[in-house]
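So the structure is just underneath, and the comments pick up after that.
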Amino acid sequence: MSVDENGAVAFDNVDLCQTWEVLEQCKDAGLVKSIGVSNFNRELLERILNKPGLKYKPVCNQVEFHPYLTQNGLQKFCRSKDIVLVGYGVLGSPGAGNWKDQGVPSILQNPILISIGKKYQKSPVQVSIRYTMQRGVVPIVKSFSPERLRQNFQVKTEI
């Protein structure tokens with residue numbers, strides 16, 4: 001991390017459209033198959049989409065997504081521009097700090113998700129994955145446990 005003369009974090013002032021042009025050159029050169037973004041809001045996406053001479057729009061936008069953070073507006077915008085929304089954090093950031101409302105139960109302890117899970121013999125995690133998929137968002141699921149990985153793959157996409 002770069003710091004300035006006062007020890008504060010120093011941010012680069014890089015032009016997003018220039019960076020996008022270099023990524024387009026990488027695609028043209030065959031170095032990448034497609035270009036996606038992460039944690040872009042509508043304003044940043046529009047900056048790219050409205051760039052004069054745009055060759056390739058973002059294929060996907062990876063953002064935090066779970067039953068407590070549904071990204072409705074961003075999802076609608078991405079869908080209208082044919083940008084796939086990819087969701088990470090389907091457990092709702094259980095280790096989150098003080099910014100999270102401590103009165104709200106974690107995804108794993110949410111009574112509604114537990115109830116749905118009991119009805120269909122699924123875990124709250126599987127219910128959250130299915131919710132993500134039913135919303136048209138591609139879930140990114142992380143686990144180190146082989147058993148949990150198997151459970152995650154058992155989530156069905158059909159209703």
- [ ] Check whether more than 12 heavy atoms from other residues, nucleotides or ligands sit under 6.0 Å from atom CG of N6, and answer yes or no.
- [x] yes
When you measure from the side chain of S115 to the backbone of P111, do you find a donor-acceptor pair of N or O atoms at a distance under 3.5 Å?
no
Verify the cluster assignment for M133 and V84: are they in a single hydrophobic cluster under the rule of side-chain heavy atoms below 4.5 Å apart?
no
Closest non-hydrogen contact found for P58 with L45 is CG-CD2, 4.2 Å
Self-check item: Single-linkage hydrophobic cluster V138~I83, side-chain heavy atoms < 4.5 angstrom
Solution: no
Please confirm whether the backbone N or O of D15 pairs with a side-chain atom of T19, one donor and one acceptor, at under 3.5 Å? yes
Those residues at least two apart in sequence (or on a different chain) that pass salt bridge (charged side-chain N to carboxylate O under 4.0 Å, His left out) with K51 are E21, E24
Are S128 and Y68 close enough that some pair of their side-chain heavy atoms sits under 4.5 Å apart? no
Residues, nucleotides or ligands: over 12 heavy atoms within 6.0 Å of I112 CD1: no
Requested in this report: Check for a donor-acceptor pair, side chain of K27 on one end and backbone N or O of K33 on the other, with a separation under 3.5 Å.
Outcome: yes
Worksheet entry | CG (N39) with more than 12 external heavy atoms under 6.0 Å | yes
- Hey, mind stepping through V37 and Q62 against side-chain contact (heavy atoms from CB on, under 4.5 Å) and telling me if it holds? CA-CA 6 Å; V37 295; Q62 185 182 110; over 6 Å; no
**Prompt:** Are there more than 12 heavy atoms of other residues, nucleotides or ligands under 6.0 Å from atom CD of E147?
**Reply:** yes
Margin query: With a 4.5 Å cut-off on side-chain heavy atoms, are V86 and N61 touching?
Written below: no
Rounded to the nearest 0.5 Å, the CD atom of Q134 sits from the CD1 atom of I129 at a distance of 12.5 Å
What one should report as the nearest heavy-atom pair of G92 and I107 is N-CG1, 3.9 Å
Could you state whether Y88 and V90 fall into the same hydrophobic cluster, counting links through intermediate Ile, Leu, Val, Met, Phe, Trp or Tyr residues with side-chain heavy atoms under 4.5 angstrom apart? no
* Yes or no on side-chain hydrogen bond (donor to acceptor under 3.5 Å, both in side chains) for N72 and R135, after CA distance, side-chain angles and deciding distance? -> CA-CA 10 Å; N72 291 330; R135 296 284 313 272; 2.6 Å; yes
Side-chain donor-acceptor pair under 3.5 Å between Q126 and R130, yes or no? no
Closest non-hydrogen contact found for L54 with L49 is CD2-O, 3.7 Å
CD of E64 to CG of L91, rounded to nearest 0.5 Å, is 10.5 Å
- N110 side chain to S106 main-chain N or O, any donor-acceptor pair under 3.5 Å? no
For R47 and L16 the tightest heavy-atom approach is CD-CD2, 4.1 Å
Separation between CZ (R148) and OG (S123), nearest 0.5 Å, reads 9.0 Å
Legend entry - Test side-chain contact (heavy atoms from CB on, under 4.5 Å) applied to V137 and Q75, step by step: CA-CA 8 Å; V137 176; Q75 183 182 16; 3.5 Å; yes
What one should report as the nearest heavy-atom pair of Y56 and W20 is O-NE1, 2.8 Å
With sequence neighbours left out, the residues meeting side chain to side chain donor-acceptor pair (under 3.5 Å) with S38 are none
Taken to the nearest 0.5 Å, the spacing of R79 CZ from L74 CG works out to 11.0 Å
| request: Might you confirm whether atom NZ of K57 has over 12 heavy atoms from other residues, nucleotides or ligands at distances under 6.0 Å? | output: yes
Verify same cluster id: I35, I48 (apolar side-chain graph, 4.5 Å):
yes
- Is there a donor-acceptor contact under 3.5 Å from the side chain of T70 to the main chain of P67? no
Rounded to the nearest 0.5 angstrom, the NE2-OH distance for H66 and Y131 is 10.0 Å
Is V63 reachable from F40 through a run of I, L, V, M, F, W or Y residues, each pair having side-chain heavy atoms under 4.5 Å apart? yes
Interatomic distance, CG@L85 vs CD@Q71, rounded to 0.5 Å, equals 6.5 Å
Residue pairs meeting salt bridge (Lys or Arg N to Asp or Glu O under 4.0 Å), one or both in residues 110-124, sequence neighbours left out, come to none
